[in-house]
Amino acid sequence: MSDANERYDAIVIGGGHNGLVNGAYLAKAGLRTLILERRHLVGGAAITEELRPGFKFTTFSYALSLLRPQIVHELDLVRHGFLPLLMPATFCPMDNGDSLVMGTDTGENLNEIARHSRRDTDAYLQYSHDIEMVVRAIKPLIDSVPPNLYDTSPEGLAELAGLAKHLRTIDGPVLHNLVRLLTGSAADFLDDYFESDILKGWLSSSGIIGTKVGPMSQGSGLVLLFHNMGEHDGHYGSWAFHKGGNGGFTQVLARAAQSFGAEIKLEAEVDRVITVNGRATGVALRDGTELAAEVVISAADPRRTFTEFVEPAELPADLLDGLRRYRYQGTSSKVNFALSGLPQYPSLPGRGDMFRGFTNIAPTMAYTERAFDEAKYGWYSTRPYIDGCIQSTVDPDMAPPGQHVMSCFIQYTPYHLREGDWNAERENMADNVQAVLESYFPGFGDLVLQREVVTPLDIEQVAGLPEGNIFHGEFLAPQMYFFRPAPGWNQYRTPIHGYYQCGSGTHPGGCVSGGPGRLAAGQILKDLDHER
Amino acid sequence: MLLRTPFHDRVAAANQTSLWSHWAGHLVVERYQMSEKWEYTAIRNAVGVFDSSPLYKYRITGPDAERYLATVLSRDIRTCRPGQAHYTIWCDDRGFVNEDGVVYRLSDDDFLLTAAQPNLAHLSQLINGRRVDITDVSPEFGILAVQGPRSRAVLAELTADVDRLGYFDHITTRLGDLDADVTLARTGFTGDLGYEILVPTDDPAAATRVWDLLFEAGRDHGIVPFGQTALLMARIEAGLLLIDVDFEPSRLAENDEHRSTPDELGLGWMLRDLDGDPDNDGNARKFIGREAILRERRDGTSRWVMRGLLVDPIDHEDKYHRAGMIPPRDHLPVHDDMMVYDNTGERVGYATSFLYSPVLQRHIALARIRPDHADPGTGVNLEFTINHRYVQVRADVARNPLFNPPRKSAPTGPAPTGVPQ
C-alpha cells in the first residue's frame with residue numbers, strides 16, 4: 001500500500017447512478033468514501049453530452065424510469081437540483097396515418113381510446129387499476145433485500161418466512177395477475193383486456209424494452225410489469241425527464257454524494273481488487289496506484305465484478321457456473337438526432353404538443369413481434385421498434401430556441417450479428433431507423449442536423465455494459481430477485497470478504513432506479529455494524 | 001355582469017378546457033390545457049403567462065400622497081423611490097392586517113396600488129383632509145404576468161429595458177412594434193424570476209398586441225399561458241399569502257380568531273425600526289396600527305408564527321400503506337384548515353394551504369404555528385384524513401418561502417437558465 005492517507009473506509013468502483021447512490025449512502029453514514037470513475041465524467045450510462053453547440057444529447061439512458069422515491073428524500077436530492085419534468089403526452093403514430101395521443105386528462109384519454117375502440121375505454125381503466133394493484137403488492141419486494149434461497153441458517157429461513165408472510169397479505173386476484181405477468185407474455189395479458197391494435201401496440205412496448213423478447217414471448221409480461229414500477233409524484237407507471245437529461249440527474253447525485261463527504265475520482269480505471277487471504281483490502285488502478293479500503297464495492301456488471309476485478313480462481317464453482325449462464329445478449333441501440341425543427345405528422349398539422357413525452361413507434365403488437373423475428377436470427381430489424389423523445393419540447397435548455405434534440409431508443413439490434421460486425425452495420429442500422437421515421441414524418445431527413453448512432457458495441461465499449469445490455473443482464477425470471485446475479489449471491493455480498501456488488505446486475509435490476517445502490521449500502525452498513 | 005379582461009379574446013382562444021372561474025367579477029381561466037401541472041412546470045422550468053388584470057388598481061396622487069401612504073401603508077413608502085415597487089400591507093388601529101398589495105411609485109407624488117379586493121371607500125376614509133386624490137383605475141390597465149426562468153430572455157426580445165430591472169423595479173417602456181407605452185415591473189405572485197406588464201386599455205388593440213408579441217417571442221422558449229390553479233400551486237411554494245385563505249381582512253372578519261397581525265403572518269420584516277418617537281424622530285412613522293404592533297412586540301403577545309410545513313414523505317407513504325392505500329400526491333392546492341399537533345396530541349397550530357409540491361417532491365403547507373413550536377426544524381404532526389379516519393403524519397416546521405431560487409431576486413445580468421441552484 002502506498003500511503004496511509006490513502007486509506008478509505010469504502011471504495012466504490014464505478015460512478016454510474018448506482019455507484020453514486022451507494023457512495024452517497026455510505027458517506028452519509030460516516031464512512032470515508034471514494035468513488036472511482038473510469039471516464040472523464042460521472043454518470044455511467046446516464047450522461048448528457050453536448051455533441052453540438054447548444055444541443056444536449058442523452059447518449060444512452062434518456063428518461064427517469066424507476067427511481068426509488070426514498071432516495072430523493074434520504075439523499076436530500078432536491079437541495080442539489082433534483083427536478084423531474086412531467087411528460088404530458090404519449091404519441092403513437094399509426095400506419096394508416098391516424099394516431100393515439102394520450103395526455104393527462106382521463107376523460108379526454110378515454111375519448112381518444114374510444115376513437116379506436118369503445119370497448120377498450122373502461123377496459124383501460126380496469127387494466128390500469130389491476131396493474132397498479134400488482135405494482136403496489138410487489139413494491140415492498142423491490143425496495144428490500146431478497147431472501148437467499150441457499151441460506152439455511154435461522155436468519156435465512158426467517159427472511160424467507162417474511163416473504164411468505166408478505167405474499168399472504170396480497171389479495172388472491174392480485175396475486176394471480178402477478179403470476180400471469182411474471183410467467184406469461186405481454187401479448188396474452190393485453191389480449192385479455194383490449195381489442196385495439198394501437199392500444200396494445202403502445203402498452204406492449206413496455207414489455208420489450210431492453211430485453212431480447214417480443215411482445216408474444218413468455219417473459220415479456222415480467223418486463224411489462226417492471227416498467228410499470230416507475231413512480232413520479234405519486235403516479236405509478238409514470239416516467240419523467242430530468243432537467244438537463246439523465247446526465248443532469250447523475251450530476252445531482254454526484255453533488256449529493258460530495259455533500260456527505262464522498263470523494264469522486266475521475267479517469268481512475270480500476271485494474272483489480274486487491275485481496276489478502278480471501279479478504280478485499282483495496283483496489284489497484286491501471287496507472288499502478290494502490291488504494292486501501294475496509295470494503296470495496298463494485299457498481300460494475302457481474303462479469304467485470306467477478307471475472308475481471310478479481311481472480312475467478314478465488315470464487316466457488318457454483319457462482320462461476322451461475323455467471324456463465326447469466327445472459328446479457330444486449331439488443332438495444334440509440335440513434336440520437338439534432339433537429340432544425342419539429343417533425344410534422346400529416347394528420348396533426350402544425351401540432352407539436354404530442355411530442356412532450358414518448359413517441360412510440362409500435363403501431364401493432366405484430367409490428368414489434370416482426371421486428372423481433374429478425375433479431376432471433378442474428379440481424380437487426382428492417383422496421384425497428386422506436387421509443388423516441390424530443391426532450392427539448394419539455395426542457396427548453398436541451399437545444400437552442402426553435403431547434404430540438406430527439407433521442408431514439410431502438411429495438412431490435414442484437415449484439416451478436418450473424419455476419420459482419422457493428423462497426424460495418426452502424427450506419428445501415430441508423431438508416432433503417434431514419435427510414436421508419438421518414439415514413440411517419442415526411443421530411444424528417446431534411447430536419448436532421450446531426451445523427452449519433454450508439455450500437456450495442458458502443459454501449460459495451462463506452463459505457464462498459466457487457467454485450468450492450470442496458471440492464472447489466474437480461475430481465476428474465478431465472479436471473480431476477482432470488483437469482484440476480486446468481487443463486488446464493490443475491491444479497492450484494494460476494495465470496496470475498498469485504499467485497500460487495502451494487503450494480504444493476506443485482507436486485508432489483510436495471511433502469512435508473514438507484515435501488516441496487518441503496519439496498520447494497522444498507523447491507524454493507526449492517527455487516528460493518530456487526531463487525532465493529 | 002361578469003367582466004372580460006382586456007386580453008379576453010386571446011385568453012378565450014387559448015383556453016382549451018372551457019373551464020372558467022370568477023375572480024373579482026371577471027371571467028378567468030382555471031387551466032388552459034388538460035394538465036395544470038404542465039402549466040406549473042412552465043413557471044418553474046420555462047416561462048408562463050398569467051392574466052392578472054382583475055386586480056383592483058388605485059391611482060393615488062397629490063402633494064400629500066407620500067405622507068398619506070406613509071400613514072396608511074404599514075411598510076415605509078418613503079423608502080420606495082420612483083421606479084420601485086413595494087409589496088405592502090395595511091392594518092387597522094388594533095394592529096390587525098386588512099389587506100396586502102403591491103404599490104408602484106410612478107413619481108414623487110404619483111402611486112399605483114394593486115389589491116385583490118375593493119378598497120376605495122376604505123382608503124378614501126383615511127384621507128382626512130390631506131391633499132390626496134384616489135381614483136379607481138381598475139379598467140384602465142390590463143396586466144399580464146410573465147413568470148419563469150426564461151421570462152427575461154423572452155422579454156429581452158421585445159425590450160432592452162428588461163435588463164435594467166432589479167427585483168421589484170419597474171420602468172415605462174415599449175414592447176416590440178407596439179405603439180404605446182407599457183409599464184414593465186419585475187414583480188409577480190409565483191416566487192420565481194418574473195415580470196408583470198401593465199398595458200393601458202385606451203387603445204383596445206394594445207392588449208391583444210402585447211399578448212401576441214409575447215407568444216411570438218416565447219414560442220421557442222416553451223411559453224404557455226397558465227391559469228389560476230398553476231398560480232396557486234406556485235404561490236404556496238413561494239410562501240405568498242392568499243387573502244381569505246391564509247388570512248382575512250380585519251375589517252370584514254367575524255372575530256379576532258380570524259384576524260392576524262403582521263408578525264403573525266410572517267410580514268414583520270416590513271416593520272423594522274419602530275421604536276423611535278415619531279414626533280421627534282424623522283425616521284419613525286406614525287402609521288395606522290403602529291402602537292398596537294409595538295405593544296404586541298413588547299409584550300410578546302403574538303399568537304402565531306406563519307411557517308412552512310415539510311411533510312415527512314416516508315411517514316406519509318407509510319401511513320397510507322398501512323391503510324391499504326396508495327398515497328396520493330395530488331398537486332392541486334387545498335385551501336382548507338388542517339390541524340397541527342405536537343407529540344403529546346395538543347393542537348399547536350393549523351395549516352391554511354396545502355399542496356404536493358412537484359419541485360420540492362413532498363407535501364407542503366402554509367401554517368400558523370404557536371410560537372413555542374415555531375423554531376425551524378421542530379417536529380410536529382399534521383392531520384390528514386386517510387381511509388375515512390383522522391391520521392397524523394410527521395412534518396417539520398420550516399421557514400418560508402419553501403422554494404426560493406436565487407434567480408427570483410438576482411441582480412440583472414445574463415438571462416439565467418432553468419437549472420435550479
is_close_aromatic(A/Phe91, A/Phe355), centroid dist under 6.0 Å
yes

Kindly compute the distance separating OH (A/Tyr25) from CG (A/Leu525), expressed to the nearest 0.5 Å.
11.0 Å

Does the side chain of A/Arg255 pick up a donor-acceptor pair with the side chain of A/His80 at under 3.5 Å?
no

Step by step, would you call A/Asp143 with A/Lys139 a salt bridge (charged side-chain N to carboxylate O under 4.0 Å, His left out)?
CA-CA 6 Å; A/Asp143 291 324; A/Lys139 192 178 162 187; 5.0 Å; no

Where on A/Glu108 is there a heavy atom nearer than 4.5 Å to chain B: the side chain, the backbone, both, or neither?
side chain

For A/Glu74, which atoms come within 4.5 Å of any heavy atom of chain B: side chain, backbone, both, or neither?
side chain

Residue selection (most heavy-atom pairs with chain B, distance under 4.5 Å) from A/Thr169, A/Asp353, A/Leu86, A/Asp395
A/Leu86

Run the salt bridge (charged side-chain N to carboxylate O under 4.0 Å, His left out) test on B/Arg329 and B/Glu317 for me, step by step, so that the C-alpha distance in whole Å, both residues' side-chain angles and the decisive distance to 0.1 Å come before the verdict.
CA-CA 10 Å; B/Arg329 297 203 186 107; B/Glu317 175 145 341; 2.7 Å; yes

Can you tell which of B/Arg407, B/Lys408, B/Arg235 makes a salt bridge (Lys or Arg N to Asp or Glu O under 4.0 Å) with B/Asp192?
B/Arg407

For chain B, the option from A/Val394, A/Leu77, A/Thr393 that forms the most heavy-atom pairs under 4.5 Å
A/Val394

Under a 4.5 Å heavy-atom cutoff, which of B/Ala42, B/Gly324, B/Gly222 has the most pairs with chain A?
B/Gly324

Region of B/Thr41 in contact with chain A, defined by heavy-atom distances below 4.5 Å
side chain

Part of B/Leu360 within contact of chain A (heavy atom distance under 4.5 Å)
both

